[in-house]
K.L.:
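Got a structure for you, written out below as structure tokens; questions coming shortly.
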Amino acid sequence: MVKVKICGLRSLEDVSIVNHSMPDYVGFVFAGSKRKITDKCAEELRDALNPEILSVGVFVNDTVSHIASLCRNHVIDLVQLHGEETEEYIKMLKNQVSVPIIKAIRLQSKEQGRMHLVSQADYILFDSYKEEREYGGTGKLLDQTLLPILIRPTFLAGGINEGNVKEIIETHHPFCVDVSSSVETDGKKDPKKIERMIRIVRKIGGSKYE
């Protein structure tokens, strides 16, 4: 079954919503954005999160030591690198942590997509590119014409919503769809939108990665 990640949790209210709807993953953002949270807040949210839901820490050009400390303290179950982290950086991080690593790519060309399919990261995440905003979270629809054939477990993000998620899954067969702003109302996580998104995805059925 294709998995669902709800990114950008910021409050215990958000945790209560996902504990009810049970996505596969949730994202805690540690980078500079309106959804950024502190380490202390992330600890509190993780403690309240259903243990069956895996927490993903989203980082942009952060230090290996900071990421490793959050992993050691069991605040995050996966690491998502959303900046300019190199393969050498990923190698160093893998020597420090035992959790899976997701490398996010703000897709601008077919060549870029093919190149990153050989990354040392455990997963690739393809996101939309928007020049005036440096990193992710734009809500802009991913240019699907640039996507390579997904030959490894891949997350897809960027403008995925109730209206297009079925077509995106059936066309590209991702491992997971990653949503944030499309399941919000007035900047806050909307329980009805989250429930509908998860219901639509799970109704589609099997994943080629199972």
K.L.:
From D127 CG over to Q80 CD, what is the distance, rounded to the nearest 0.5 angstrom?
P.N.:
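D127 atom CG to Q80 atom CD measures 8.0 Å (nearest 0.5 Å).
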
K.L.:
Side chains of L117 and P148: does their closest heavy-atom pair fall under 4.5 Å?
P.N.:
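Side-chain contact under 4.5 Å: yes.
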
K.L.:
Quick one: CG on L49 to CG on L9, what's the gap to the nearest 0.5 Å?
P.N.:
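The CG atom of L49 sits 7.5 Å away from the CG atom of L9.
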
K.L.:
Could you give the distance from CG (D190) to OG (S181), rounded to the nearest 0.5 Å?
P.N.:
12.5 Å

K.L.:
Using the rule that Ile, Leu, Val, Met, Phe, Trp and Tyr join whenever any side-chain heavy atoms are under 4.5 Å apart, tell me whether F126 and V79 fall into a single cluster.
P.N.:
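As far as the 4.5 Å side-chain criterion goes, V79 and F126 are connected within one cluster.
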
K.L.:
My understanding is that only residues two or more places apart in sequence, or in another chain, count here; which of them pass side chain to side chain contact (heavy atoms under 4.5 Å, CB included) with R196?
P.N.:
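Listed in chain order: E162, K192, K193, R199.
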
K.L.:
How close do V177 and V201 get, heavy atom to heavy atom, and via which atoms?
P.N.:
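Result for this residue pair: CG2-CG2, 4.0 Å.
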
K.L.:
Checking side-chain contact (heavy atoms from CB on, under 4.5 Å) for the pair L125/T154: CA distance, chi angles, key distance, verdict?
P.N.:
CA-CA 6 Å; L125 183 151; T154 303; over 6 Å; no

K.L.:
Can you tell me if H82 and N61 form a side-chain donor-acceptor pair at under 3.5 Å?
P.N.:
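Result is no, nothing qualifies.
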
K.L.:
Is it true that, when you exclude H74 itself, more than 12 heavy atoms of the residues, nucleotides or ligands shown sit nearer than 6.0 Å to its NE2?
P.N.:
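Atom NE2 in H74 is not crowded, with 12 or fewer foreign heavy atoms closer than 6.0 Å.
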
K.L.:
Any side-chain heavy atom of L70 sitting closer than 4.5 Å to one from D39?
P.N.:
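They are in contact (side-chain heavy atoms under 4.5 Å apart), so the answer is yes.
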
K.L.:
Does S119 reach the side chain of I124, with side-chain heavy atoms less than 4.5 Å apart?
P.N.:
yes

K.L.:
Do I194 and V179 share a hydrophobic cluster, counting only Ile, Leu, Val, Met, Phe, Trp and Tyr and linking them when any side-chain heavy atoms are less than 4.5 Å apart?
P.N.:
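Same cluster: I194 reaches V179 through Ile, Leu, Val, Met, Phe, Trp or Tyr contacts under 4.5 Å.
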
K.L.:
What are the two closest non-hydrogen atoms of I17 and K189, and how far apart are they?
P.N.:
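Residues I17 and K189, closest heavy atoms: CD1-O, 3.6 Å.
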
K.L.:
Keeping to residues at least two apart or across chains, list the side chain to side chain donor-acceptor pair (under 3.5 Å) pairs with something in residues 44-55.
P.N.:
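Listed once each, the pairs are K40-E44, R46-S55, R46-D77, S55-D77.
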
K.L.:
Is there a side-chain contact between L45 and L12, using heavy atoms and a 4.5 Å cut-off?
P.N.:
yes

K.L.:
Could you report the tightest heavy-atom contact between G187 and R10, atom names first, then the distance?
P.N.:
O-NH2, 2.5 Å

K.L.:
So which of K166, H173, H172 actually passes side-chain hydrogen bond (donor to acceptor under 3.5 Å, both in side chains) with E170?
P.N.:
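Running side-chain hydrogen bond (donor to acceptor under 3.5 Å, both in side chains) over K166, H173, H172 with E170 returns exactly one hit, K166.
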
K.L.:
Give, for atom CG of D14 and atom CG of N19, the distance between the pair rounded to the nearest 0.5 Å.
P.N.:
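Interatomic distance, D14 CG to N19 CG, rounded to 0.5 Å: 11.0 Å.
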
K.L.:
Would a single hydrophobic cluster contain both V4 and V2, if residues Ile, Leu, Val, Met, Phe, Trp and Tyr are joined by side-chain heavy-atom contacts under 4.5 Å?
P.N.:
yes

K.L.:
If I compare all heavy atoms of K5 with all of F155, which pair ends up nearest, and what's the gap?
P.N.:
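Closest approach of K5 to F155, heavy atoms only: CD-CE2, 4.2 Å.
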
K.L.:
Applying the 4.5 Å side-chain criterion to the ILVMFWY set and letting contacts propagate, would I67 and I101 be lumped into a single cluster?
P.N.:
yes

K.L.:
Is there a donor-acceptor contact under 3.5 Å from the side chain of Q120 to the main chain of E87?
P.N.:
yes

K.L.:
Return the minimal non-hydrogen interatomic distance between A42 and V75, and the atom names on each side.
P.N.:
CB-CG1, 3.7 Å

K.L.:
Would you confirm whether N164, through its side chain, and I160, through its main-chain N or O, come within 3.5 Å as a donor-acceptor pair?
P.N.:
no

K.L.:
Contact between L156 and L142 at the side-chain level, heavy atoms closer than 4.5 Å - yes or no?
P.N.:
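Yes. Closest side-chain heavy atoms under 4.5 Å.
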
K.L.:
Side-chain contact, heavy-atom cut-off 4.5 Å: I6 with S180?
P.N.:
no

K.L.:
Give the C-alpha distance, both sets of side-chain angles, the deciding distance and a yes or no for salt bridge (Lys or Arg N to Asp or Glu O under 4.0 Å) between K91 and E88.
P.N.:
CA-CA 5 Å; K91 182 179 178 180; E88 182 62 27; 5.0 Å; no

K.L.:
Could you tell me whether K94 and D122 have a side-chain N and a carboxylate O separated by less than 4.0 Å?
P.N.:
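Between D122 and K94 there is a salt bridge, with a charged N closer than 4.0 Å to a carboxylate O.
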
K.L.:
Going from CD1 on I168 to CD on Q144, what distance comes out if it is rounded to the nearest 0.5 angstrom?
P.N.:
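The CD1 atom of I168 sits 4.5 Å away from the CD atom of Q144.
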
K.L.:
Do Y89 and E84 touch side chain to side chain, with heavy atoms closer than 4.5 Å?
P.N.:
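Result no, sub-4.5 Å side-chain heavy-atom pair not found.
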
K.L.:
Distance from D178 atom CG to K3 atom NZ, nearest 0.5 Å?
P.N.:
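Interatomic distance, D178 CG to K3 NZ, rounded to 0.5 Å: 14.0 Å.
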
K.L.:
Give the C-alpha distance, both sets of side-chain angles, the deciding distance and a yes or no for salt bridge (Lys or Arg N to Asp or Glu O under 4.0 Å) between D143 and K110.
P.N.:
CA-CA 10 Å; D143 185 347; K110 290 184 178 181; over 6 Å; no

K.L.:
Do N161 and S182 meet the criterion of a side-chain donor-acceptor pair at a distance under 3.5 Å?
P.N.:
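No, no side-chain donor-acceptor contact under 3.5 Å.
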
K.L.:
Please lay out, stage by stage, how V56 and I102 fare under the test side-chain contact (heavy atoms from CB on, under 4.5 Å).
P.N.:
CA-CA 9 Å; V56 181; I102 306 166; 4.1 Å; yes

K.L.:
What residues form a side chain to side chain contact (heavy atoms under 4.5 Å, CB included) with K188, not counting sequence neighbours?
P.N.:
E13

K.L.:
For residues V97 and V58: do they belong to one hydrophobic cluster (side chain heavy atoms under 4.5 Å, members Ile, Leu, Val, Met, Phe, Trp, Tyr)?
P.N.:
no

K.L.:
Could you report the tightest heavy-atom contact between I76 and V99, atom names first, then the distance?
P.N.:
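Between these two residues, the closest heavy atoms are O-CG1, 4.3 Å.
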
K.L.:
Using the six-membered ring wherever Trp is involved, compare the ring planes of Y123 and F175 and label them parallel, tilted or perpendicular (cut-offs 30° and 60°).
P.N.:
parallel

K.L.:
Within a strict 4.5 Å, meaning less than it, do heavy atoms of the V29 and C7 side chains meet?
P.N.:
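Side chain of V29 against side chain of C7, heavy atoms only: contact under 4.5 Å found.
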
K.L.:
So, E184 and R35, do they make that salt bridge, N to O below 4.0 Å?
P.N.:
yes

